[in-house]
Amino acid sequence: QVQLEESGGGLVQPGGSLRLSCAASTDISSIYLMVWYRQAPGKQRELVASITGGGFTNYAGSVKGRFTISKDNSKNMMYLQMNSLKPEDTAVYYCNIPHLASWGQGTQVTVSS
């Protein structure tokens with residue numbers, strides 16, 4: 001399986017920003033779809049954002065306008081830029097490649113004053 005490693009999480013105040021990174025062990029230029037999920041305490045893991053190999057993006061309504069998913073094929077990296085963070089964004093964030101990648105450890109994002 002493809003290995004993915006998330007990084008960039010941390011503690012941030014409401015209204016702040018973080019950029020999450022996802023390093024892939026494969027050439028992501030050949031990947032059809034990459035996704036970011038998050039799992040908040042007591043809640044089901046939910047799809048946050050997705051990006052196709054051609055760069056088409058989709059977002060959950062709760063993050064639309066605040067989060068931006070992107071990728072850099074030359075670096076085999078995917079990113080999630082998170083702006084205007086809210087306490088409701090607190091969760092463990094995971095990147096994945098459906099059918100190809102195993103789940104990693106995720107990276108904790110905590111939005112709190």
Side-chain angles (χ1 to χ4, degrees):
Q1 282 200 337
V2 175
Q3 253 100 329
L4 302 174
E5 186 173 9
E6 302 94 342
S7 62
L11 175 64
V12 65
Q13 306 231 340
S17 297
L18 285 172
R19 187 168 91 148
L20 307 184
S21 297
C22 174
S25 66
T26 192
D27 177 5
I28 65 169
S29 66
S30 65
I31 299 300
Y32 171 71
L33 182 70
M34 299 181 71
V35 299
W36 283 99
Y37 282 82
R38 68 185 181 188
Q39 188 166 28
K43 207 220 156 188
Q44 188 96 329
R45 186 173 292 175
E46 66 170 343
L47 181 64
V48 174
S50 63
I51 186 165
T52 69
F56 185 86
T57 60
N58 275 305
Y59 300 91
S62 58
V63 308
K64 194 170 292 183
R66 300 188 297 119
F67 290 12
T68 303
I69 188 172
S70 62
K71 62 186 176 76
D72 186 337
N73 290 339
S74 71
K75 298 177 181 177
N76 294 328
M77 296 286 289
M78 183 175 66
Y79 307 99
L80 186 67
Q81 178 67 47
M82 306 185 297
N83 299 325
S84 302
L85 282 161
K86 306 173 180 179
E88 310 90 269
D89 297 317
T90 295
V92 179
Y93 284 72
Y94 304 86
C95 59
N96 213 296
I97 302 173
H99 308 296
L100 291 178
S102 57
W103 291 98
Q105 290 297 300
T107 186
Q108 175 72 49
V109 172
T110 302
V111 185
S112 176
S113 59

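Residue L100 holds its CG atom at 12.5 Å from OH of Y32, rounded to the nearest 0.5 Å. Of the inter-residue distances, the one linking S29 atom OG with K71 atom NZ reads 7.5 Å to the nearest 0.5 angstrom. To the nearest 0.5 Å, the span separating CG on D72 from CD1 on I28 amounts to 7.0 Å. Separating the CG atom in L47 from the CH2 atom in W36 is a distance of 12.5 Å, to the nearest 0.5 Å. Taking CE from M77 and CG from L4, the interatomic distance works out to 10.5 Å, rounded to the nearest 0.5 Å. Between the CD atom of E6 and the CD atom of Q108 there is a distance of 12.0 Å, given to the nearest 0.5 Å.
Panel note: side chain T90, backbone V111; a donor-acceptor pair is recorded below 3.5 Å.
Listed by chain and residue number, nothing satisfies the ring-ring contact (aromatic ring centres under 6.0 Å, His included) test with Y59 (two or more places apart in sequence, or in another chain). Scored by the salt bridge (charged side-chain N to carboxylate O under 4.0 Å, His left out) test, R66 finds D89 as partners (sequence neighbours excluded).
Closest heavy-atom contact between S17 and S84: OG-N, 4.3 Å. Of all heavy-atom pairs spanning Y37 and V48, the tightest one is C-CG2, 4.0 Å. The two residues S113 and P14 have their closest heavy-atom pair at N-CD, 3.7 Å. Between G8 and L18 the shortest heavy-atom distance is O-CD2, 3.8 Å.
Taking 4.5 Å as the limit, some side-chain heavy atom of S50 sits within range of a side-chain heavy atom of L33.
Cluster annotation: I31 and L20 are assigned to the same hydrophobic cluster (Ile/Leu/Val/Met/Phe/Trp/Tyr, side-chain heavy-atom contacts under 4.5 Å, transitive). Put simply, Y93 and I97 are part of the same group of oily side chains (I, L, V, M, F, W, Y) that touch within less than 4.5 Å, one to the next. Cluster annotation: F67 is connected to V109 through the hydrophobic network of ILVMFWY side chains, with a link wherever side-chain heavy atoms come within less than 4.5 Å. Taking hydrophobic clusters as Ile, Leu, Val, Met, Phe, Trp and Tyr residues chained together by side-chain heavy-atom distances below 4.5 Å, Y79 does not share a cluster with I51. A continuous path of Ile, Leu, Val, Met, Phe, Trp and Tyr side chains, each step under 4.5 Å between heavy atoms, connects I69 with L85, placing both in one hydrophobic cluster.
The disulfide (SG to SG under 2.5 Å) pairs that include a residue from residues 14-101 are C22-C95, where partners are two or more places apart or lie in different chains. Counting only residues at least two apart or in different chains, salt bridge (charged side-chain N to carboxylate O under 4.0 Å, His left out) contacts with residues 101-110 are absent. The list of salt bridge (charged side-chain N to carboxylate O under 4.0 Å, His left out) pairs with a residue in residues 44-54, not counting sequence neighbours, reads R38-E46, K43-E46. Here salt bridge (charged side-chain N to carboxylate O under 4.0 Å, His left out) pairs that include residues 18-30, with residues two or more places apart or in two chains, number zero.
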Inset, instruction - Using the side-chain contact (heavy atoms from CB on, under 4.5 Å) rule, take T26 and Q3 through it: C-alpha gap first, then chi angles, then the decisive distance, then the call. - result: CA-CA 8 Å; T26 192; Q3 253 100 329; over 6 Å; no
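Surrounding CD of E5 are at most 12 heavy atoms belonging to other residues, nucleotides or ligands under 6.0 Å away.
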